[in-house]
Number of protein chains: 2
Amino acid sequence: MKTPDNAPTECRQVQSVLDTVGRRWSGAILVAASRGARRFVDFRRTVPGISDRMLSVRLKELETLGLLRREVIPSTPVQILYEPTALGRELLHVLQPLFRWGEKHLDEVSAATP
Amino acid sequence: MKTPDNAPTECRQVQSVLDTVGRRWSGAILVAASRGARRFVDFRRTVPGISDRMLSVRLKELETLGLLRREVIPSTPVQILYEPTALGRELLHVLQPLFRWGEKHLDEVSAATP
DNA sequence: GTATCCACTAACCAAAAGTTAGCGACTAAC
DNA sequence: GTTAGTCGCTAACTTTTGGTTAGTGGATAC
């Protein structure tokens, strides 16, 4: 069977999206943010199993990608707030169908990985 | 700010979905399949830049996950066909919004990653 | 007989993720 | 007033994952 000429382009695009938002923890961090997490400790408590290092690395990445905004509040102790940008909220919105699929089918899928 | 009690569960679910479909090449391979790719060489031609090894590894994973079905046709030379299962097609369907988001915003996002 | 195709696999190297520990500046408890 | 704990990180190191290159066997093509 033959694939259409634009198929490689589509594949490249899909690849790029998943390379940016599909990295380990990124999705979970965005969801945590959408559920109200703002401070470093909020995320650490809300994302199960993440280490300080990975959280720090991913928050920085997501900020660089323009999906989270970092705000420093010079109180004592200093507070650092992360919140979704408009772009981040839009991304969370299009991720909803994927999450619902996960809820529905994850048992079937993970049952297949021994 | 406080996150709701079910937030960690949601994060875990998101994590699991993205751990399965968000691995490098998996999304592109599924898209290739949805565009008509069936044989090993079809995928290699349709997914730009993938190596034989990664293609082989990912096809096996996607088969184990129940997203692709592997069929051996004992012709000469033997043909191996991979096609999306019902579950795979459903997943592709819920990934569409994400892909469209990518088309629209990838330039903004990748412009932020130097 | 040399060349190529198909669907892989082996051996090896690089990059990403995970683990453990600790930092400085502060606060609260005893 | 010393001990313990919090917050937002970072450094050093190990493990896991991904990437590259090469090669396989059986077949047909020239």
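Just so you know, these numbers come straight off a predicted model, no measurement behind them. Order of the sequence lines sets the chain letters (A, B, ...), proteins ahead of strands, with each chain counted from 1.
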Short heteroatom pairs, N/O only, protein and nucleotides 3-6 of chain C, under 3.5 Å:
from, atom 1, to, atom 2, distance (Å)
C:dC6, O3', B:Arg39, NH2, 3.3

Between [atom2] of [N] and [atom1] of [X], the distance in whole Å:
X: A:Ile50; N: C:dA17; atom1: CD1; atom2: C1'; result: 11 Å
X: A:Tyr82; N: D:dC7; atom1: OH; atom2: P; result: 14 Å
X: B:Asp19; N: C:dA16; atom1: CG; atom2: P; result: 17 Å

query = When we call it a touch if two heavy atoms are under 4.0 Å apart, what does B:Phe43 touch: a base, just sugar-phosphate, or nothing?
reply =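 Contact class for B:Phe43: none.
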
* Just by distance, do the side chain of B:Arg58 and the backbone of B:Arg24 share a donor-acceptor pair under 3.5 Å? ->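 Flag set: sc B:Arg58 to bb B:Arg24 pair under 3.5 Å.
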
inquiry  = Strictly distance-based, threshold 3.5 Å: is any side-chain N or O of A:Thr46 a donor or acceptor partner for the main-chain N or O of B:Pro8?
reply    =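 Absent.
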
With sequence neighbours left out, write down each residue that passes salt bridge (Lys or Arg N to Asp or Glu O under 4.0 Å) with [X], or none if nothing qualifies.
X: B:Arg69; answer: B:Glu71, B:Glu83
X: A:Lys60; answer: none
X: B:Arg12; answer: none

Self-check item: Under-4.0 Å side-chain N/O to phosphate OP1/OP2 contact, B:Lys60 with C:dT9
Solution: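 Yes, B:Lys60 has a side-chain N/O under 4.0 Å of OP1/OP2 on C:dT9.
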
Note to self: Could you check whether B:Arg100 pairs with B:Glu103 (Lys NZ or Arg NE/NH1/NH2 to Asp/Glu carboxylate O, under 4.0 Å)?
What the structure shows: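 So B:Arg100 does not pair with B:Glu103 through a salt bridge.
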
Quick tally for nucleotides 15-22 of chain D: nucleotides whose base has a protein heavy atom under 4.0 Å get B, sugar-phosphate-only ones S, the rest -, giving --SBBB--

Any pair with a residue in residues 52-104 of chain B that passes ring pair (Phe, Tyr, Trp, His ring centres under 6.0 Å), sequence neighbours left out, goes on the list, sorted by first then second residue, please.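 Counting only pairs at least two positions apart or across chains, the ring pair (Phe, Tyr, Trp, His ring centres under 6.0 Å) contacts touching residues 52-104 of chain B are B:Trp101-B:His105.
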
Could you go through B:Phe43 and B:Ile29, starting from their C-alpha distance and side-chain angles, then the distance that decides it, and tell me whether this counts as side-chain contact (heavy atoms from CB on, under 4.5 Å)?
CA-CA 7 Å; B:Phe43 288 98; B:Ile29 290 172; 3.9 Å; yes

